Amino acid sequence: MSNYIKLIVLGLVALFAMMAINFARDTAYLVHAIIVTGVSMGLFIRTLRRMDTPIAAGSVENEYFDSVVRAGVIATSFWGVIGFLVGVVIAFQLAFPYLNFEFLQGYGNFGRLRPLHTSAVIFAFGGNALIATSFYVVQRTCAARLWGGNLAWFVFWGYQLFIVLAATGYVLGATQSKEYAEPEWHVDLWLTIVWLAYLAVFLGTLIKRKEPHIYVANWFYLSFIVTVAMLHVFNNLSIPVSIWGSKSVQVFSGVQDAMVQWWYGHNAVGFFLTAGFLGMMYYFIPKQAERPVFSYKLSIIHFWALIFLYIWAGPHHLHYTALPDWATTLGMVFSIVLWMPSWGGMINGLMTLSGAWDKLRTDPVIRMMVISVGFYGMSTFEGPMMSIRAVNSLSHYTDWTIGHVHSGALGWNGMITFGALYYLVPVLWKRERLYSLSLVSWHFWLATIGIVLYASSMWVTGIMEGLMWREVDANGFLVNSFADTVAAKYPMYVVRGLGGLMFLSGGIIMCYNLWMTVRRAPAKEASLTVAVPAE
């Protein structure tokens, strides 16, 4: 019966998509309709051909659902390299404007590629890392197979479709111009469906768990999934101009729209890039260090303080705007107080290595995880400082903010993800060890030096930029034009591009190392395979 329902749904989707191809009002919507038509018709044929195939007998329900996690690891590595590559391209486009090639009809210029880079790194690389690791962690800590059968596969492939639709939309000019939320209404609707399925899989697995206790990593993952769903829905409330076109009109306008956007924007950082990755930290650092979490009580305090405070911090992005001062001050105060629980998490992560610090000399994976926690601590100190109105008046709209974002995104999110991937691949493909620890060390140093070059160059040029903007002569007139500040930043822009190139090189080395681990590393004995405990 379920196959017949699938055929009906896929047939209706294909029919609607073909109508959309005919009536499409813009190029992006046309391309998206073609993609959806191809996907739905392919799935229709695949489902039809498999209807008479008997289901193989076996004890699959007594095994962890690791095939989807393996696919997630591959997708994370792939999209990571794509995102880093686009980032390097746009970094050099800023340093050398003639790299905005005119013969590409605008499709390859900075304005089109910049949202492609941010979404590829945050949502494609980071999102796939969070989905894959959350599926892995929740099964192990609950001693239960993922709930929902093949619903986990729907989440994985549905999310890849979202990435492709979003990316093609950016290049073709379909964007609603909201930071971290550029996809237009039809792509947002699809992501909502996929995300609710993700919530169902994760929550269903927690509910059917065999372990009475819910490990703290699952609290962080669950808070990330629930809050991102809420943020996504409210920030993307819009009315389509036509059901056959990409363009939509926002429900909120003016200062209300700005307030909702930065409530979303800062909490995308707070829950997508912080809470979710803290779940990763609380599982993979203890596993790699072979030590229990330093303080489980501190982890619970850290969790509740973080999720309560973070949700209020967004207005600090809107100092000196039409938003009332009381609202921006509230955001500033909550941002400053947020420093304490953030550092509570950092201390907990670092102190987990008590008695295992010697492993830093011999285990580059641990080294990568530790430096990620260090960058987390640094970013969560710098962020509250930059929210203070006096500091914000210098830092905001300058490259200092870019340096801050990248020290967190590459240093914290990137490094903890790399560490998790290095841990997962030997386990998921049943290998005794990684192919080369030496290559992990090369990756570590290339990535670390690349981040330092990137962030420090942006700190220097950002502060210089802010000071040049506010410099006045004896008569009170501005001394520097905007073009003067751009020219002064040129050397630092080249350094930033080189730092990004080093980080990209490290990512490519990681992909090679993981590939060779699967191909060449010695396999584990079959007796070491871990299965879900029997009912």
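The structure presented is a predicted model; accordingly, all values stated were derived computationally and were not measured.
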Participant: About how many Å separate CD1 of Ile301 and CE of Met340, when rounded to the nearest 0.5 Å?
Facilitator: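 Answer for the CE-CD1 pair, Met340 versus Ile301, is 12.5 Å.
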Participant: Closer than 3.5 angstrom, by distance alone: can the side chain of Trp263 be matched with the main-chain N or O of Asn235 as a donor-acceptor pair?
Facilitator: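 Pair absent, no side-chain N/O of Trp263 close to backbone of Asn235.
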Participant: Given Tyr264 and Tyr180, is the ring-ring contact (aromatic ring centres under 6.0 Å, His included) satisfied, shown in steps?
Facilitator: CA-CA 9 Å; Tyr264 164 88; Tyr180 310 137; 7.4 Å; no
Participant: Can you check whether Ile402's main-chain N or O pairs, donor with acceptor, with His406's side chain at less than 3.5 Å?
Facilitator: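 Yes: the side chain of His406 pairs with the backbone of Ile402.
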Participant: Is it the case that Thr227 and Tyr310 place a side-chain donor and acceptor less than 3.5 Å from each other?
Facilitator: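 There is no such pair (donor and acceptor under 3.5 Å, judged by atom type) between the side chains of Thr227 and Tyr310.
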Participant: Flag yes if more than 12 heavy atoms outside Trp219 fall under 6.0 Å of its CH2 atom; otherwise flag no.
Facilitator: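 At most 12 heavy atoms, drawn from other residues, nucleotides or ligands, come within 6.0 Å of this atom.
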Participant: Distance only, no hydrogens: is a donor on one side chain within 3.5 Å (strictly under) of an acceptor on the other, for Thr329 and Arg389?
Facilitator: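 Arg389 and Thr329 do have a side-chain donor-acceptor pair below 3.5 Å.
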Participant: Looking at Trp195 versus Tyr198, is the centre-to-centre ring distance below 6.0 Å?
Facilitator: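 Distance test on ring centres: under 6.0 Å, yes.
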Participant: Tell me if the CH2 atom of Trp515 is crowded by more than 12 foreign heavy atoms within 6.0 Å.
Facilitator: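 Counting other residues, nucleotides and ligands, CH2 of Trp515 stays at 12 neighbours or fewer.
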Participant: Can a side-chain donor-acceptor contact be found between His396 and His319 if the only test is distance below 3.5 angstrom?
Facilitator: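 His396 and His319 do not have a side-chain donor-acceptor pair below 3.5 Å.
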Participant: Is the closest side-chain donor-acceptor distance between His32 and Thr168 under 3.5 Å?
Facilitator: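 Yes, a side-chain donor-acceptor pair sits under 3.5 Å.
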Participant: For the residue pair Phe272 and His232, is the inter-centroid distance of their aromatic rings smaller than 6.0 Å?
Facilitator: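 Phe272 vs His232: aromatic centres not under 6.0 Å.
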Participant: Taking the ring of Phe234 and the ring of Phe252, is the distance between their centroids below 6.0 Å?
Facilitator: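 They do not qualify: ring centres at least 6.0 Å apart.
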Participant: Run the numbers on Arg496 and Thr461 for side-chain hydrogen bond (donor to acceptor under 3.5 Å, both in side chains), then give the verdict.
Facilitator: CA-CA 10 Å; Arg496 167 171 67 175; Thr461 193; over 6 Å; no
Participant: Taking atom CZ of Phe308 as the centre, does the number of heavy atoms from other residues, nucleotides or ligands within less than 6.0 Å exceed 12?
Facilitator: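 It does not: Phe308 CZ has 12 such atoms or fewer within range.
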Participant: Using only heavy-atom distances, determine whether the side chains of Tyr493 and Asp399 contain a donor-acceptor pair under 3.5 Å.
Facilitator: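 Checked: Tyr493/Asp399 side chains pair up, N/O donor to acceptor below 3.5 Å.
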Participant: Nearest 0.5 Å, what's the CZ-OG distance between Arg367 and Ser441?
Facilitator: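 Here the interatomic distance stands at 4.5 Å.
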Participant: Please indicate whether Lys247 has more than 12 foreign heavy atoms, meaning atoms of other residues, nucleotides or ligands, lying under 6.0 Å from its NZ.
Facilitator: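 No, NZ of Lys247 has 12 or fewer neighbouring heavy atoms, counting only those of other groups under 6.0 Å.
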Participant: Can you label the angle between the Trp343 ring and the Phe381 ring as parallel, tilted or perpendicular, going by 30° and 60°?
Facilitator: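 Rings of Trp343 and Phe381: tilted, as their planes differ by 30° to 60°.
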Participant: Could you check Tyr423, Phe444, Phe284, Phe503 and say which one makes a ring-ring contact (aromatic ring centres under 6.0 Å, His included) with Phe418?
Facilitator: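 Going through Tyr423, Phe444, Phe284, Phe503 one by one, the ring-ring contact (aromatic ring centres under 6.0 Å, His included) with Phe418 is satisfied by Phe503 alone.
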Participant: Taking the ring of Tyr282 and the ring of Phe220, is the distance between their centroids below 6.0 Å?
Facilitator: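 So the answer is yes for these two rings.
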Participant: Is it the case that atom CH2 in Trp157 sees more than 12 heavy atoms from other parts of the structure closer than 6.0 Å?
Facilitator: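 No, the 6.0 Å shell around CH2 holds no more than 12 heavy atoms from other groups.
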Participant: Can you tell me if OH on Tyr320 sees more than 12 non-hydrogen neighbours from other groups inside 6.0 Å?
Facilitator: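 Atom OH in Tyr320 is packed in, count exceeds 12.
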Participant: Within a 6.0 Å radius of atom CZ on Arg112, are there more than 12 heavy atoms belonging to other residues, nucleotides or ligands?
Facilitator: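 Enclosed.
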Participant: Find the distance between OH (Tyr159) and CZ (Phe162) and round it off to the nearest 0.5 Å.
Facilitator: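 Spacing of OH (Tyr159) from CZ (Phe162) equals 5.5 Å.
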Participant: Roughly how far apart are His404 NE2 and Ser395 OG, rounded to 0.5 Å?
Facilitator: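 OG of Ser395 is found 9.0 Å from NE2 of His404.
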Participant: Using 0.5 Å steps for rounding, measure from the CG atom of Leu350 to the CD1 atom of Ile285.
Facilitator: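 These two atoms lie 7.5 Å from each other.
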Participant: Should we say atom CH2 of Trp442 is surrounded by more than 12 heavy atoms from elsewhere, each under 6.0 Å from it?
Facilitator: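 12 or below, so no.
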Participant: At what distance, to the nearest 0.5 angstrom, does OG1 of Thr133 lie from CG of Leu421?
Facilitator: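 Spacing of OG1 (Thr133) from CG (Leu421) equals 9.0 Å.
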Participant: Tell me, with the steps shown, if His443 and Tyr422 meet side-chain hydrogen bond (donor to acceptor under 3.5 Å, both in side chains).
Facilitator: CA-CA 11 Å; His443 181 196; Tyr422 282 127; 2.8 Å; yes
